[in-house]
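These notes are about the structure you will find just below.
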Amino acid sequence: MTTPNLEPVDTSSEWAQLPPDVRKEIDVYETELRRVQADLVDDKLFTEFRLRHGVYGQRQDRVQMQRIKIPMGRMSADQLVVLADIAEEYAVGVLHVTTRQDFQCHFIDINDTPNLMRRLAAVGITTREACGNVIRNVTCCPHAGVCCDEVFDVTPHAHAMTYFMLRHSDAQNFGRKFKISYSGCESHSCGLGRMHDIGAVARVRDGVQGFQVLVGGGLGALPHQAKVYSEFLPASEMLPLAQAISRVFAKFGEKRIRAKARMKFLIAKQGIDKFRRLVEEERLRLPLDERWESELQGAIATLKDSPLKPPSVLEIDEDSDPGLLEWLDLNVHRQRQSGYSMVDIFLPLGDITSEQARNLAEISRPYVKDTLRTTVDQNLLLQWVSNADLPELYRDLADAGLAEPGAGRLKDVTACPGTDSCKLGITSSRGLAGHLHKKFANGMSGIAHRSDLKIKISGCFNSCGQHHVADIGFFGSVQRKKRDTAPVFQVTLGGSTRANAESYGLGMGKIPAQNVDKAIVKVSEFYSREKRGDETLSDVVARLGKTRVKEELKEFMVLPTFQESPGFYQDTRQPWQYRRSIGIGECAGEVVDQAEFMLEDADRIHFESTIDLERNRYSEASTKAFDACRKAADALLFTKGLWLSDNYDTVEEFRRHFYESSVFYRPFADNFLRSAQEGPSGNPERARLRVEEAMLFIEAAQGVYSQASDF
């Protein structure tokens, strides 16, 4: 095994074009990677650390999945080319679009991740906080700015939220992940606000732009619909509100029991009225932050999408290519700006190859000005296509294999990775989705383009495939017959993505994977037969009752024995007998207190000071030694309820809380206080003494933290 190079990473010359803070962040990540490989960092701490950089452990040993944040799903053609190159060079040549408008690349060597991150950062893309117990990618309606039904364009508001809360010190001490979405209207499904920790739905009152604010939504094994926090909140208050909610969640949210650590459980425990009161009290305590206004005003000033070409009229005749006519009907949507359209690019299973992605980037350049979007349905979208260009765009997309019709229809199945790569997967959700895609092209083609039904599949009960909000949902399970175990799917009916996820489905029973396609046909026929007027499937299920509906599916719930039908004991697209295998998942990450991250930072900075000392950089060594002590002091002050965003004086607060109370060993504390008064020193002996004193101070801080009664 190669011994890791433990010298601090410095890429200031090779990656000089990167913003210094971004370059430093990735350098720190690479340094920590080397330190954990040398057994110098606790595995639990590093697991959450790498998750917060989007690096996620796969089901397969020694490979990682890299999640890449695409805030609001917005990207340029240049960015798409780099994403394609990354997937091809570091992964398996496939970009996977997620239900949070991110991209994922699978089967990556963790040693490649630092340079992967740098190449993405060079085109303005980050992986920071794509996973872990933090605020995940902020999603936004991909039609924002051009939707005929929107109240106003929520894009700049989502952008401001993204970059205000990204890396924010008040959002680093959660017990679980935290999700935010923005919707431009109440009626459509694009934002799914009711299944988010914070869902912002655009409203205008007395000429003022604002939001209905929903809080505490979430899916998972026990889904909760969000509750109304405010019927109307002025847009200028959204950032401080999110900061206040983050503090409340960090203070009062569950930390020990991961299954109960989402904010939905905190609100269920406290009640919405008490939760609202806690947030309002925290809001009053927040120090004024000029970024509340500057982030939003900057986004409003800069995020102004515009067309590449002037508006035009689409001219086609009845003799046009039938494929074009079907594509125009199913994948093209009118914008509110006359003469322009949005174009859906249907990606079965949410996958696009590197070659297709590069082709799409080049195809888009003559037609639009970097108005590419990822969608929560795991597809891509082009905005601002001049209508006269639609036939030619169709031909270009068809040549690239990207003109399949049916985005957003029944055939457009959402699925999580399942057993393909997830440690928690019970069944092959992607395998089933791929099987259904073939069926929709052949035996189920008659219902493939229904627009009033949606299918979503999860590989386990955790709802990563969002099965709870599907008209027809499935999640992976198992069923035993004698001594053999078969992969089955629990079917849920009655969910709906409409009106920002207005209803959640209920379980109807388990269906063998081999029977799922037949059950879908049955549900489609049943719904067509029983619906009245514009009733949704959710309405029909509620009116007729669960018992009546289950009777329709009863015949498909029968599991034959292995001797009768051995194929029922194979998972979809897997020609071997099924064996249930579940590992320890990383979806929630490890619960690591923010103070632990600060203490690890102190260790790392101190290590860097020793390198500076070794290289005769005495002033730098002295400065870093003090910075390491200050970071350790901040860690202890965090346990006393002080937040970095409070802008307190670290030295004075340490003196008050730990020195005057004699909680901290006084000789080591004296060294820290003296260093603060004297400032850095370029004297070799003095610098060495500072480095040695810092080591003792950090060790003492670790001791105080380990004995704190709250941990």
Side-chain angles (χ1 to χ4, degrees), residues 32 35-36 38-49 52 132-134 169-176 247-258 260-261 266 588-610 624-646 648-676 689-711:
E32 289 297 274
R35 281 163 52 81
V36 77
D39 294 326
L40 297 177
V41 179
D42 180 70
D43 282 341
K44 169 188 168 183
L45 192 67
F46 182 72
T47 295
E48 176 64 14
F49 177 78
R52 294 188 184 196
N133 301 324
V134 286
S169 59
D170 288 357
Q172 304 300 315
N173 198 47
F174 298 161
R176 282 294 300 272
R247 285 192 175 206
V248 169
F249 182 43
K251 286 182 179 180
F252 300 102
E254 176 63 52
K255 296 291 200 325
R256 293 174 175 84
I257 305 174
R258 292 170 64 185
K260 295 287 185 180
L266 173 63
E590 295 280 357
V591 178
V592 179
D593 188 77
Q594 188 170 350
E596 293 182 59
F597 279 118
M598 293 180 181
L599 289 168
E600 170 56 26
D601 277 345
D603 269 341
R604 176 185 52 77
I605 296 168
H606 176 260
F607 177 75
E608 291 177 0
S609 75
T610 66
K624 286 180 181 175
F626 177 73
D627 288 344
C629 293
R630 182 166 53 193
K631 183 67 72 172
D634 282 330
L636 297 183
L637 291 171
F638 183 76
T639 70
K640 296 296 184 181
L642 276 73
W643 299 74
L644 291 175
S645 60
D646 290 334
Y648 56 82
D649 185 310
T650 300
V651 174
E652 291 308 310
E653 292 296 337
F654 175 82
R655 186 194 304 276
R656 183 165 71 90
H657 286 282
F658 293 98
Y659 184 76
E660 294 174 358
S661 64
S662 298
V663 172
F664 202 97
Y665 185 54
R666 281 219 167 193
F668 296 165
D670 283 332
N671 294 336
F672 171 58
L673 297 176
R674 185 183 66 254
S675 295
L689 185 61
R690 289 276 179 86
V691 170
E692 291 175 349
E693 290 173 347
M695 179 183 67
L696 297 174
F697 183 88
I698 294 167
E699 288 296 317
Q702 290 276 12
V704 172
Y705 176 76
S706 67
Q707 296 172 18
S709 60
D710 291 340
F711 300 96

So which heavy atom on [X] is nearest to which on [Y], and how close?
| X | Y | answer |
| --- | --- | --- |
| Arg256 | Glu254 | N-OE2, 2.8 Å |
| Phe697 | Ala669 | CE1-CA, 4.3 Å |
| Ala250 | Lys255 | O-NZ, 2.5 Å |
| Ala171 | Val134 | O-CG1, 3.9 Å |
| Val248 | Leu266 | O-CD2, 4.2 Å |
| Ala602 | Ile698 | O-CD1, 3.6 Å |

Side chain of [X], backbone of [Y]: donor and acceptor closer than 3.5 Å?
| X | Y | answer |
| --- | --- | --- |
| Arg655 | Glu660 | no |
| Arg52 | Gln172 | yes |
| Glu596 | Leu45 | no |

Original post:
Are Phe672 and Phe664 close enough that their ring centers fall under 6.0 Å?
Top reply: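 Centroid separation for Phe672 and Phe664: 6.0 Å or greater.
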When rounded to the nearest 0.5 angstrom, what is the spacing between [atom1] in [X] and [atom2] in [Y]?
| X | Y | atom1 | atom2 | result |
| --- | --- | --- | --- | --- |
| Asn671 | Leu689 | CG | CG | 7.0 Å |
| Glu600 | Gln702 | CD | CD | 8.5 Å |
| Arg35 | Phe46 | CZ | CZ | 11.0 Å |
| Phe597 | Phe49 | CZ | CZ | 8.0 Å |
| Leu637 | Glu652 | CG | CD | 11.5 Å |
| Asp649 | Arg656 | CG | CZ | 11.0 Å |

In terms of side-chain geometry, is the basic nitrogen of [X] or [Y] positioned less than 4.0 Å from the acidic oxygen of its partner?
| X | Y | answer |
| --- | --- | --- |
| Arg604 | Asp601 | yes |
| Lys624 | Asp627 | no |
| Glu693 | Arg674 | yes |
| Lys44 | Glu48 | no |

Original post:
Do Phe658 and Lys640 have side chains that get closer than 4.5 Å, going by heavy atoms?
Top reply: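 Result yes, sub-4.5 Å side-chain heavy-atom pair found.
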Subject >> Side chains of Arg630 and Asp634 in contact at under 4.5 Å (non-hydrogen atoms) >> reply: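 They are in contact (side-chain heavy atoms under 4.5 Å apart), so the answer is yes.
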**OP:** Check whether more than 12 heavy atoms from other residues, nucleotides or ligands sit under 6.0 Å from atom OH of Tyr665, and answer yes or no.
**Re:**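 No.
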Original post:
Under 3.5 Å, is there a donor-acceptor pair between the Ser645 and Arg247 side chains?
Top reply: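 Yes, because at least one side-chain N or O of Ser645 sits under 3.5 Å from a partner of the opposite role on Arg247.
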Original post:
Any idea how Phe638 and Trp643 line up, ring-wise: parallel (<30°), tilted (30 to 60°), or perpendicular (>60°)?
Top reply: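 Because their plane-to-plane angle is over 60°, the rings of Phe638 and Trp643 count as perpendicular.
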